[in-house]
Amino acid sequence: MGAPGSSCAFASLFFCLLSAAIAQRVKVLDEVTGYLGQEVTLPCTFVSTGNEIKVSLVTWMKEAAGRKQNVAVFHPDHEPSYPLETERGRIRFKTQTLEDATLIIGPLRMADEGTYACEFAAYPLGNEDGITNLVVLAKPTNTAKAQEVKASNLELPVAVCISDRGKPPARITWQSGLNGNATVSEVTNADGTVTVTSYYRMVPTKEANGQRITCIVEHKTQPQPEALPVVLSILYPPEVTIEGYDDNWYLSRTEAMLKCTAKGNPPPTEFTWSTANGPLPKTVEVQGDILLVRNVDASVNTTFRCQATNRVGRVSTDQVIFVRDKPNMEGAGTTGGIIGGLIAAIVAVAVVATGILICRQQQKNRMDREEDDQEGPPAYKPPPPCQLSDETEPEAPRYHELPTLEEREAAADAGPSMEDEYLDQINPIYDALSFAATEEEAAMAPMSTDKAFIMSRAMYV
Ligand SMILES: *[C@@H]1O[C@H](CO)[C@@H](O)[C@H](O)[C@H]1NC(C)=O
Ligand SMILES: *[C@@H]1O[C@H](CO)[C@@H](O)[C@H](O)[C@H]1NC(C)=O
């Protein structure tokens with residue numbers, strides 16, 4: 001049986017026609033795919049062309065190792081027979097008729113895979129059969145996980161991907177930006193399924209910790225390859241630093257602090273503080289990774305040591321503290337000056353902007369009012385000088401006035417600096433220039449707020 005078409009080329013026409021006729025009477029599928037543990041149907045029907053052909057018996061046979069074994073037999077006078085089966089009902093005819101010999105097998109076992117012949121005993125033609133190939137597939141269970149390893153110079157498996165109990169065996173690959181290789185192994189299980197294991201191997205550096213790689217499993221039972229992400233876990237000892245020393249610990253300073261910071265895998269959670277000479281001074285207070293000094297005294301004029309511990313190791317680092325008699329003006333002064341200058345500049349700009357805005361608003365209001373009053377065509381009129389309201393600056397027009405006698409006397413007492421202020425007041429241009437030059441201090445002193453307004457006034461006059 002099998003290839004009536006090809007045999008036609010060599011056989012006589014009579015046998016060829018007969019063979020084709022027989023092949024068409026028994027209808028089966030060439031191949032049927034079933035899944036392990038599930039049910040499968042092997043269709044088989046006898047197409048009778050007339051009453052002259054009589055079917056008396058239906059037999060399903062399985063070919064295994066060159067031998068034919070009867071799997072299911074049906075005779076209309078008897079109960080169906082399943083000679084190989086020990087488990088009742090796992091193999092059964094779909095219907096009990098001589099025309100339809102469709103067989104149902106389930107739950108499927110791996111051993112059910114093979115070639116099945118569905119045979120009808122017919123008179124006067126003799127036995128006629130159809131052959132079906134049963135393929136049993138098993139859907140694997142796929143998992144992937146990181147293998148925790150310590151950082152080292154040796155190539156080690158850092159991740160494993162397993163495709164368990166598949167049939168046929170799955171194909172496993174890795175997607176990774178890291179410099180590693182995969183090693184694959186296969187184990188055939190007792191039920192005929194195959195477990196595929198792939199290890200991703202690389203030199204485990206601490207930089208690889210937390211990196212993500214992906215295991216890709218391809219299998220006949222999956223429409224899409226399955227992607228299983230893995231985050232690598234490379235263990236490494238703590239890397240410790242001490243932060244918070246500002247080189248300005250001076251006697252009687254309050255609230256100085258050191259903070260111990262440690263990276264590592266697993267993250268270090270245990271911190272131990274000490275000094276290079278031994279135990280901690282009485283005056284410090286430890287709060288986990290923080291060392292708090294409420295009052296700086298000579299006892300903290302020492303080297304502090306922080307030790308961080310994780311599962312992999314215990315590492316310590318030192319911080320030398322220099323306690324001064326007086327505050328360190330250099331470092332702190334510079335920093336303070338820069339910050340102060342920045343704040344001053346911002347304040348000054350804000351003050352100038354506010355002044356201009358207020359002036360403009362006042363001008364606008366005034367012009368609007370005057371326009372409302374006049375009926376005729378609007379003639380050009382210069383905007384009135386911008387003045388701040390009396391509430392905000394009671395001494396608004398002072399810069400044109402000469403100083404009073406008392407003020408002169410006061411100026412004489414105070415020396416040239418007061419004279420400068422007087423100059424400031426009488427000369428708006430000088431004022432504006434000096435303002436630009438000393439923007440910072442201008443904003444700091446209350447007097448300079450006036451200067452800012454004076455400048456804007458000068459611009460509008
Ligand atoms: C792993 O791959 C590298 C190239 O990426 C190769 O040089 C090395 O020989 C491979 N190692 C193994 C064990 O296959
Ligand atoms: C701290 O120690 C240094 C020497 O290590 C010393 O020069 C300094 O005077 C000490 N400071 C105080 C406040 O004792």
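All residue numbers in this chain count up from 1 along the given sequence. Heavy atoms only: backbone and side chains are in, while hydrogens, waters and symmetry mates are out.
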*Please collect all ring pair (Phe, Tyr, Trp, His ring centres under 6.0 Å) contacts where either partner lies in residues 142-187, sequence neighbours excluded, each pair once.*
W174-Y200
*Do NZ/NE/NH1/NH2 and the carboxylate oxygens of E128 and R25 come within less than 4.0 Å?*
yes
*Where do G244 and W249 come nearest, in terms of heavy atoms and distance?*
O-NE1, 4.4 Å
*Taking T275 for its side chain and P279 for its backbone only, find out whether a donor-acceptor pair lies under 3.5 Å.*
yes
_Gap between atom NE2 of H219 and atom CG of L137 - 0.5 Å precision_ = 7.0 Å
*For residues V160 and Q147, report the shortest heavy-atom separation together with the two atoms involved.*
CG1-OE1, 3.4 Å
*asked:* Is it the case that atom CZ in F74 sees more than 12 heavy atoms from other parts of the structure closer than 6.0 Å?
replied: yes
*asked:* Using modelled atom types and a 3.5 Å cut-off, is there a donor and acceptor pairing between side-chain atoms of E113 and backbone atoms of V136?
replied: yes
*Closest heavy-atom pair and its distance - A262, A308*: CB-CB, 3.7 Å
*Take Y199 and C161 through the test side-chain contact (heavy atoms from CB on, under 4.5 Å) and record every step on the way to the result.*
CA-CA 6 Å; Y199 285 99; C161 187; over 6 Å; no
*Is the side chain of R253 donor-acceptor paired with the backbone N or O of N248 at a distance under 3.5 Å, no angle test?*
yes
*Under the side-chain contact (heavy atoms from CB on, under 4.5 Å) rule, what do L42 and L134 come out as? Steps first, then yes or no, please.*
CA-CA 8 Å; L42 306 180; L134 173 61; 4.1 Å; yes
*Taking the side chain as C-beta and beyond, is there a heavy-atom pair between I91 and L103 under 4.5 Å?*
yes
*asked:* When you compare the side chain of V149 with that of I234, does any pair of heavy atoms fall below 4.5 Å?
replied: yes
_Closest non-hydrogen atom pair between V26 and G130, with its separation_ = CG1-N, 3.5 Å
_G288 backbone acceptor or donor facing W273 side chain under 3.5 Å_ = yes
*Determine, step by step, whether I172 and I216 satisfy the side-chain contact (heavy atoms from CB on, under 4.5 Å) criterion, reporting the C-alpha distance in whole Å, the side-chain angles of both residues, the deciding distance to 0.1 Å, and the verdict.*
CA-CA 6 Å; I172 300 183; I216 309 289; over 6 Å; no
*What distance do T309 atom OG1 and E270 atom CD have between them, rounded to the nearest 0.5 Å?*
4.5 Å
*salt bridge (Lys or Arg N to Asp or Glu O under 4.0 Å) between E155 and R201: does it pass, once the steps are laid out?*
CA-CA 6 Å; E155 201 180 82; R201 300 169 62 87; 3.5 Å; yes
_Beyond-backbone contact of V73 with V58, side-chain heavy atoms, under 4.5 angstrom_ = no
_Atom of P107, atom of D112 and distance for their closest heavy-atom approach_ = O-OD2, 4.4 Å
*asked:* Any heavy-atom pair between the side chains of Y250 and F322 that's under 4.5 Å?
replied: no
*asked:* Looking only at side-chain N and O atoms, does D100 offer a donor or acceptor that is under 3.5 Å from a partner on T45?
replied: no
*E148/R311 salt bridge by N-O under 4.0 Å criterion*: yes
For residues 290-298, run the donor-acceptor check on the side chains, cut-off 3.5 Å, and write out each pair with its distance to 0.1 Å, sequence neighbours left out.
from : atom 1 : to   : atom 2 : distance (Å)
R294 : NE     : E285 : OE1    : 3.2
R294 : NH1    : E255 : OE2    : 3.4
R294 : NH2    : E285 : OE1    : 3.4
R294 : NH2    : E285 : OE2    : 3.2
D297 : OD1    : S299 : N      : 3.0
D297 : OD1    : S299 : OG     : 2.6

*Evaluate side-chain contact (heavy atoms from CB on, under 4.5 Å) for V203 paired with L154, printing each intermediate quantity in order.*
CA-CA 5 Å; V203 175; L154 301 169; over 6 Å; no
*Would you mind reporting whether L57 and H75 have side-chain heavy atoms less than 4.5 Å apart?*
yes
_Donor-acceptor side-chain pairing of D30 and T132 below 3.5 angstrom_ = no
_Short side-chain to backbone donor-acceptor contact, T41 and P43, under 3.5 Å_ = no
*From K206 NZ over to K263 NZ, what is the distance, rounded to the nearest 0.5 angstrom?*
6.5 Å
*Is the count of non-hydrogen atoms from other residues, nucleotides or ligands lying under 6.0 Å from K139 atom NZ greater than 12?*
yes
_Counting neighbours of CZ on R212 that are heavy atoms of other residues, nucleotides or ligands and sit closer than 6.0 Å, is the number greater than 12?_
no
*Yes or no on side-chain hydrogen bond (donor to acceptor under 3.5 Å, both in side chains) for D164 and T143, after CA distance, side-chain angles and deciding distance?*
CA-CA 8 Å; D164 193 31; T143 52; over 6 Å; no
*Counting distance only, does the side-chain N/O of Y245 pair as donor-acceptor with the main-chain N or O of M257 below 3.5 Å?*
no
*N328 side chain to D247 backbone, donor-acceptor under 3.5 Å*: yes
*So, do Y236 and T205 sit near enough that their side-chain heavy atoms are less than 4.5 Å apart?*
no
*Can you tell me if T195 uses its side chain to pair, donor with acceptor, with the backbone of R165 under 3.5 Å?*
yes
_If we check side chain to side chain contact (heavy atoms under 4.5 Å, CB included) with Q307, which of these qualifies: V315, V240, T272?_
T272
*Between atom CD of E239 and atom CG of N310, what is the distance when rounded to the nearest 0.5 Å?*
10.5 Å
*How many angstroms lie between CD1 in I162 and OG1 in T197, if you round to the nearest 0.5 Å?*
4.5 Å
*Answer whether the closest heavy-atom distance between the side chains of L36 and M110 falls below 4.5 Å.*
yes
_Check: D191/T193 side-chain N/O donor and acceptor closer than 3.5 Å_ = yes
*Would you please test R92 and E39 for salt bridge (Lys or Arg N to Asp or Glu O under 4.0 Å) and show each step?*
CA-CA 11 Å; R92 60 196 184 274; E39 205 171 77; 2.8 Å; yes
*asked:* Pairing donors with acceptors under 3.5 angstrom, does anything connect the side chains of Q222 and N142?
replied: yes
_With rounding to the nearest 0.5 angstrom, report the CD to CG distance, Q211 to L232._
7.0 Å
*Side-chain contact, heavy-atom cut-off 4.5 Å: R109 with R90?*
yes
